[in-house]
Amino acid sequence: MDYIKYFNEFTTLLRKAEKKEMSVHDCFSRFLMLFSLSLETANTKVLCLDDSKLEEKYLSEVRLSHAPEMYAKAFSILVNALTSYPGDFLGGYEMSIAGPGKRHVGQCYTPDAISQLLAKCVIPLKSPSKSKPIVISEPSCGSGSLIIAATEQLKKLGYGKKDFYFVANDIDDKSVQMAFIQCTLLDIPVEFHTGDTLKQEYWYRRPTLAYILNHGYRR
């Protein structure tokens, strides 16, 4: 099954999750909210932190949904897509349903092919340092395309999850949700922040499980 077929099946399930008057774009936004909250809740359980607010927010979104089980099936499509083609599935999907309107607000997600080319040009061809991990900054991460491509390149060069991690920011929380979900599923160590990189102002933090397990956790 190629990406187009994954996209089509993903859309079908999102539409079944809600009533007809709800747009597929709004269905997608709810999907991102549900599963970013779900993965965050799982992280708080690993850290033995209070997750009651996250669970309350998650359950409120579930109650608003017409057929929430369809979102779970859509999530399985995402897992299958990333297993077959490790890349920015969600960013590509967002661009496919947004049309030119997304570009009018100056928001376009980097295609996987360009991200892969940039990763090959930027990642140094040297053996990993075992003394301390490489820290890679991504000040405008979008849906995580460059992070995913850079990780694939680092793996080819022999780097493991303990040898590097990313610190990634974006002012758009929906973009951060996409990147967080995909990087969690792809087991990439990333410390995500929603905020203004230029002003150094950050409002929300989402570390992936791979980051928590391999690089500790600072509240």
Next item on the list: Check side chain to side chain donor-acceptor pair (under 3.5 Å) between Asp51 and all other residues, then give those that pass, not counting sequence neighbours.
Entry: Lys45
Check: So does Lys174 pair up with Glu94, basic N to acidic O under 4.0 Å?
Finding: yes
Note to self: Between Ser175 and Tyr109, do the side chains contain a donor N or O and an acceptor N or O under 3.5 Å apart?
What the structure shows: yes
Check: Does some side-chain heavy atom of Cys27 sit less than 4.5 Å from a side-chain heavy atom of Arg15?
Finding: no
Next item on the list: Identify, with sequence neighbours excluded, every residue that meets ring-ring contact (aromatic ring centres under 6.0 Å, His included) alongside Phe31.
Entry: Phe10, Phe35
Notebook entry, point to check: Which residues, ordered by chain and number, are linked to Leu198 in its hydrophobic cluster, where ILVMFWY side chains connect at heavy-atom gaps below 4.5 Å, directly or through other members?
Noted result: none
Checklist line | Phe164 and Pro133, any side-chain heavy atoms less than 4.5 Å apart | finding: no
Check: Is the closest side-chain donor-acceptor distance between Asp173 and Gln177 under 3.5 Å?
Finding: yes
Notebook entry, point to check: What pairs with Glu138 under salt bridge (charged side-chain N to carboxylate O under 4.0 Å, His left out), at least two apart in sequence or on another chain?
Noted result: none
Item checked: Exercise: identify the closest heavy-atom pair between Thr208 and Pro189 -> OG1-CA, 3.6 Å
Check: If you group Ile, Leu, Val, Met, Phe, Trp and Tyr by side-chain heavy-atom gaps below 4.5 Å, do Leu186 and Leu157 land in one group?
Finding: yes
Notebook entry, point to check: In Å and rounded to the nearest 0.5 Å, what is the OG1 to CG distance from Thr197 to Asn169?
Noted result: 4.0 Å
Next item on the list: Consider only side-chain N and O atoms of Ser23 and Asp26, and report whether a donor and an acceptor are under 3.5 Å apart.
Entry: yes
Check: Are any of the side-chain heavy atoms of Tyr165 and Val135 separated by less than 4.5 Å?
Finding: yes
Check: Under the 3.5 angstrom rule, does the side chain of Ser84 hit a backbone N or O of Ala81 as a donor-acceptor pair?
Finding: no
Side-chain polar contacts of residues 57-67 - donor-acceptor pairs under 3.5 angstrom, sequence neighbours left out - could you list them?
from	atom 1	to	atom 2	distance (Å)
Ser60	OG	Lys57	O	2.6
Glu61	OE1	Arg30	NE	3.1
Ser65	OG	Ala17	O	3.3
Ser65	OG	Glu18	OE2	3.1

Notebook entry, point to check: How about Pro86 and Glu152: do any of their side-chain heavy atoms sit closer than 4.5 Å?
Noted result: yes
Next item on the list: Would you give the length of the straight line joining atom CD1 of Ile188 to atom CZ of Phe180, rounded to the nearest 0.5 angstrom?
Entry: 12.5 Å
Notebook entry, point to check: Would a 4.5 Å heavy-atom cut-off, applied to side chains only, mark Phe89 and Val79 as touching?
Noted result: no
Notebook entry, point to check: Would you say the side chain of Glu40 lies within less than 4.5 Å of the side chain of Asn43, judging by non-hydrogen atoms?
Noted result: no
Next item on the list: Flag yes if Phe28 and Val24 sit in one hydrophobic cluster, no otherwise; membership is Ile, Leu, Val, Met, Phe, Trp, Tyr, and two members link when side-chain heavy atoms are under 4.5 Å apart.
Entry: yes
Check: Does any non-hydrogen side-chain atom of Ile147 lie less than 4.5 Å from one of Cys141?
Finding: yes
Margin query: Ignoring hydrogens, what is the shortest heavy-atom contact between Ser145 and Asp112? Give both atom names and the distance.
Written below: OG-OD1, 3.4 Å
Next item on the list: Go through Thr151 and Tyr159 one step at a time and tell me if the side chain to side chain donor-acceptor pair (under 3.5 Å) criterion holds.
Entry: CA-CA 9 Å; Thr151 299; Tyr159 289 78; over 6 Å; no
Checklist line | From CG (Leu34) to CG (Leu39), nearest 0.5 Å | finding: 11.0 Å
Next item on the list: Calculate, to the nearest 0.5 Å, the distance between atoms CG and CD1 belonging to Leu37 and Ile181 respectively.
Entry: 9.0 Å
Checklist line | Under 3.5 Å: donor-acceptor pair, side chain of Asn80, backbone of Ile77 | finding: no
Checklist line | Residue pair Val176 / Arg206, side-chain heavy-atom distance below 4.5 Å | finding: yes
Next item on the list: Determine which pairs satisfy ring-ring contact (aromatic ring centres under 6.0 Å, His included) with at least one residue from residues 183-204, sequence neighbours left out, and list them in order.
Entry: His193-Tyr202
Next item on the list: Evaluate the side chain to side chain contact (heavy atoms under 4.5 Å, CB included) criterion for residues Ile97 and Phe7: first the C-alpha distance (whole Å), next the side-chain angles of each, then the deciding distance (0.1 Å), finally the verdict.
Entry: CA-CA 10 Å; Ile97 63 174; Phe7 279 1; over 6 Å; no
Check: Is Met178 linked to Leu82 within one hydrophobic cluster, defined over Ile, Leu, Val, Met, Phe, Trp and Tyr using a side-chain heavy-atom separation of less than 4.5 Å?
Finding: yes
